[in-house]
Amino acid sequence: MGASALTFSTNRHGQRVIAHAWPHDAPGCRAIQAELTQHIVTHDDFGPVATLGGIDIGFEDGGRTTRAAAVVLDAETLEIIERALVRVPTRMPYIPGLLSFREIPGALAALDQLAQRPDLVFVDGHGIAHPRRLGVATHLGLVTGLPTIGVAKKRLTGSHDEAPSGRGQWTPLRDKDDIIGAVLRSRVGVKPIFISSGHRVALDSGIAWTRRALTRYRLPETTRAADKLASNR
DNA sequence: GCGACAG
DNA sequence: ATCTTGTCGC
């Protein structure tokens, strides 16, 4: 009785991964989130970073088909080393707070097509800046064992002051007394982006790595590359 | 009951 | 996310 819905194991890279059932109903998904929350790691726990990964999802056929893109960039030059694009049937509708259950199946399929595992992964969407701390970046990190950072274009939860206007500056995103993310001015004169720990990456590191992946655009090169692929352009 | 609500 | 053309501004 009281059996956990989670199963733990170690992958071939020595990273702990978590497996669980994939409910198709909202209550079932929230129950899984409640279990997963206990295993989120918000401090740095990853090795040398030579490559950066990017994940993004797109849809076609009125949403019936999910297009998932995964890219690997050289962390130093930001050149694209590898990319993968897969199509899988969409299983869940979009429900605020349950985005990961809609997008992760495709993301896993795309990651499987890569010849190499990126050392640090940027996910399009929030990490712990989520009502139950289980944004898509965090969830993906838990099930893959990969260090992840959430980079979102809009706020989901939490409150914040206006982000400073200088490039690279930020203001905390708060939920009650907790700092759950950063509202970062990635570029002067444009709307800020929301950075949060996914899994095994501290907020300050997430901010630092995001800055390193920024060039002249609002979004880091990792998500831009994945975006291009997933949106078929 | 009334808003808010990643992608 | 996706549906969609031109258009204002650097």
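Side chains are part of it too, since the values below use all heavy atoms of this structure and drop only hydrogens, waters and symmetry mates. Just so we're on the same page: letters track the sequence lines, and every chain starts at 1.
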Asker: What protein N or O atoms touch nucleotides 1-5 of chain B N or O atoms at under 3.5 angstrom, if any, and at what distances?
Answerer:
from   : atom 1 : to        : atom 2 : distance (Å)
dC5(B) : OP1    : Arg155(A) : NH2    : 2.8

Asker: Please confirm whether Arg224(A) makes a cation-pi placement over Tyr217(A), using NZ or CZ under 6.0 Å from the six-membered ring centre and within 45° of the ring normal.
Answerer: yes
Asker: Is the backbone of Gly127(A) close enough, under 3.5 Å, to the side chain of Ser196(A) for a donor and an acceptor to pair up by distance?
Answerer: yes
Asker: Please check: side-chain N/O of Ser186(A) versus main-chain N/O of Arg218(A), any donor-acceptor pairing under 3.5 Å?
Answerer: yes
Asker: Given side chains that start at C-beta, do those of Thr10(A) and Val17(A) come closer than 4.5 Å, heavy atoms only?
Answerer: no
Asker: Are side-chain N/O atoms of Arg185(A) and Gln169(A) paired as donor and acceptor at under 3.5 Å?
Answerer: no
Asker: Filter on ring pair (Phe, Tyr, Trp, His ring centres under 6.0 Å), then keep only pairs touching residues 56-94 of chain A, sequence neighbours left out; what's left?
Answerer: none
Asker: Are Pro192(A) and Leu184(A) packed together at the side-chain level, in the sense that at least one heavy-atom pair is separated by less than 4.5 angstrom?
Answerer: no
Asker: If you take any heavy atom closer than 4.0 Å to DNA chain B, which residues from residues 22-33 of chain A end up in contact?
Answerer: none
Asker: Can you establish whether the number of heavy atoms outside His24(A) located under 6.0 Å from its atom NE2 is more than 12?
Answerer: no
Asker: For a quick check under 3.5 Å, do Asp61(A) and Thr65(A) share a side-chain donor-acceptor pair by atom type?
Answerer: yes
Asker: Is any side-chain heavy atom of Ile180(A) closer than 4.5 Å to one of Arg133(A)?
Answerer: yes
Asker: Mind checking which nucleotides bracket the chain A contacts on DNA chain C, 5' to 3', with an atom under 4.0 Å from a heavy atom?
Answerer: dA1(C) to dT2(C)
Asker: Starting at NE2 of His130(A) and ending at P of dA6(B), how long is that distance when rounded to a whole Å?
Answerer: 10 Å
Asker: Going by number, which of residues 53-67 of chain A have a non-hydrogen atom under 4.0 Å from DNA chain C?
Answerer: Gly58(A), Phe59(A), Arg67(A)
Asker: Between the side chains of Asp124(A) and Lys153(A), is the shortest nitrogen-to-carboxylate-oxygen separation below 4.0 Å, so that they form an ion pair?
Answerer: yes
Asker: Taking the ring of His139(A) and the ring of His20(A), is the distance between their centroids below 6.0 Å?
Answerer: yes
Asker: If you count every heavy atom of other residues, nucleotides or ligands that lies below 6.0 Å from Glu60(A) atom CD, does the total exceed 12?
Answerer: yes
Asker: Whenever both distances are under 3.5 Å in a Watson-Crick or G-U wobble pair, mark it; put DNA chain C into dot-bracket that way, with [ ] for crossing pairs and | when the partner is on another strand.
Answerer: ..........
Asker: Do the non-hydrogen side-chain atoms of Leu146(A) and Leu140(A) ever get within less than 4.5 Å of each other?
Answerer: no
Asker: NA contact type, Leu98(A), heavy-atom cut-off 4.0 Å: base, sugar-phosphate, or nothing?
Answerer: base
Asker: Out of the candidates Val71(A), Leu78(A), Asp74(A), only one should pair with Leu52(A) under the side-chain contact (heavy atoms from CB on, under 4.5 Å) rule; please name it.
Answerer: Leu78(A)
